[in-house]
Number of protein chains: 2
Amino acid sequence: MTSRAESAAATRRALLEAAAELLDSGGLDAVTLRAVGARAGVTRGAPYRHFLDKESLLIAVGTRAWDTLGDRMQALRAEPGLSAAEKIRGGLLALIDVGRFQPHLYQLMFSNPPGDPTALARAAQRSQTEFLAVVADLVGEQDARRYAALLISSANGIAGLEASGQLADPKWGGVCAEDLTDTLVEMVAATSRHT
Amino acid sequence: MTSRAESAAATRRALLEAAAELLDSGGLDAVTLRAVGARAGVTRGAPYRHFLDKESLLIAVGTRAWDTLGDRMQALRAEPGLSAAEKIRGGLLALIDVGRFQPHLYQLMFSNPPGDPTALARAAQRSQTEFLAVVADLVGEQDARRYAALLISSANGIAGLEASGQLADPKWGGVCAEDLTDTLVEMVAATSRHT
DNA sequence: GAGTTTCAGTTGACGTTGTCATCTCTCTAG
DNA sequence: CTAGAGAGATGACAACGTCAACTGAAACTC
């Protein structure tokens, strides 16, 4: 029926799922190995058969999130009938949406864990490479790197402000993430067109 | 000599200082009430005379950081002989520098604590108001809010990428935070000039 | 198919942490 | 001078991450 390997893979998946759900609903403090195990139907010691560490488990959760975002970027790039600017807008909003609707996961994706500070940066690479390619279609190979870095930074910041609910402050005149993204993309497009 | 109130205020200051130092050197995990107390010359229970909670202590550390940044913004705005663009550049780099040289403090400043999610957002208000005024000098009252939000978001993102060391990746063509900031300010200045 | 190995999962234990209740002692108000 | 307040110390407790030892069933060997 279910071989040992299959069952082990299933619990590993269940552990990741449980950790992601707990992170979403209760923040990082709610992610305890005991709670993760309970939600996955095992006990506190079981995660150590699949992950070196609590930190390793969290890194795996963050990596999975980066992977699905990378898939989305890849699909977006291949989408026909979209201009480069539209693709960029889509990609930025995909990132921003994580910050908006899963703020704790978003924070995890950009945290660099003490044990392996480069782990999540590596996981983010595919997303960023895909995005870089789309930016190159808009502004050319020459300036692509600079503008891609700028755009990702900005999206990152927008998502961060959204995640902490600061954008809702009337101080900013009621702008929303979409407005800022549009302004940003327009600015880059105009600048690169002009030079 | 030293009245009781003075001595109490001194320990409170020492606790804040100790927490900030531990955060800087060892990250959030290094900030335990026992370690903070020891470094401040008291024991683990003493912080509860000055702060409701460990979280309250951390909020106080973050608030103090926002206050000093606010002072810097205020001084920068009042500085004569600087153009609006130069002031904006200075303000953005002031924020970015926190992300670069005190990444853990930076992360704390933008985290919203579960107990009082708006606490740090309130502390950030003065910094943002000062910055908003400088932006208004460049792009006019009309668009100031939108562009200020965009600039702060971008600086936030640049600082975040710097903090996690991702900007150093050759993938981005060796840009540094100053480059991105300059590009950004130029873009905003050009856009607002053109409309 | 019997014996052996492997390995996912459980359980008990330990050190550390945040937090509370209680106690001590010194400064201050009246 | 006395009573109160309040800063700090201390003991205790539950929860946490983590490790060592243990259990049982699947997988392999002959």
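A, B, ... follow the sequence lines: proteins, then strands. Residue 1 opens every chain.
The CZ atom of A:F51 sits 17 Å away from the C1' atom of C:dC7 (whole-angstrom rounding). Across the protein-nucleic acid pair, B:E6 atom CD and D:dA7 atom C1' stand 15 Å apart, rounded to whole Å. Computed from coordinates, the B:E55 CD to C:dT17 P distance equals 19 Å when rounded to whole Å. In this structure, NZ of A:K54 is placed 18 Å from P of C:dT16, rounded to the nearest angstrom. Residue B:L28 contributes atom CG, which lies 16 Å from atom C1' of C:dT16 at whole-angstrom precision. Residue B:L33 contributes atom CG, which lies 19 Å from atom P of D:dA15 at whole-angstrom precision. One can place CG of B:L57 at 15 Å from P of C:dT17, the figure rounded to the nearest angstrom. The nearest whole Å value for the distance from the CG atom in B:D29 to the P atom in D:dG17 is 12 Å.
Listed by chain and number, the residues in a salt bridge (Lys or Arg N to Asp or Glu O under 4.0 Å) with A:E21 are A:R39 (sequence neighbours excluded).
When heavy atoms are screened at a 4.0 angstrom cut-off, B:V31 is found touching the sugar-phosphate backbone but no base atom. Among the atoms of the strands shown, base atoms are found under 4.0 Å from some heavy atom of A:A46. B:T43 comes within 4.0 angstrom of a nucleotide base, judged by non-hydrogen atoms across all strands.
Interatomic distance, CG of A:D53 versus CG of A:D116, reported as 11.0 Å (0.5 Å rounding). In this structure, CD in A:E141 is found 7.5 Å from CZ in A:R145, a value given to the nearest 0.5 Å. Here B:R77 contributes atom CZ and B:E130 contributes atom CD; the two are 4.5 Å apart, rounded to the nearest 0.5 Å. One finds the CG atom of B:L180 at 8.5 Å from the CG atom of B:L184 (value rounded to the nearest 0.5 Å).
For B:C176 against B:L167, the heavy-atom pair with the smallest separation is C-CD1, 4.4 Å. Here the closest non-hydrogen pair linking A:A60 and A:F51 is CB-CE2, 3.8 Å.
For B:R34, whose side chain is taken as the heavy atoms from C-beta onward, the closest listed nucleotide among C:dT11, C:dT19, D:dG8 is C:dT19. Distance from the side chain of A:D53 is smallest to D:dT18 among D:dT18, D:dG8, C:dT17.
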Contact pattern, 5' to 3', of nucleotides 19-30 of chain D - B, S or - by protein heavy atom under 4.0 Å: ------BBS---
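Within the structure, a side-chain polar atom (N or O) of B:T11 is placed less than 4.0 Å from OP1 or OP2 of D:dG8.
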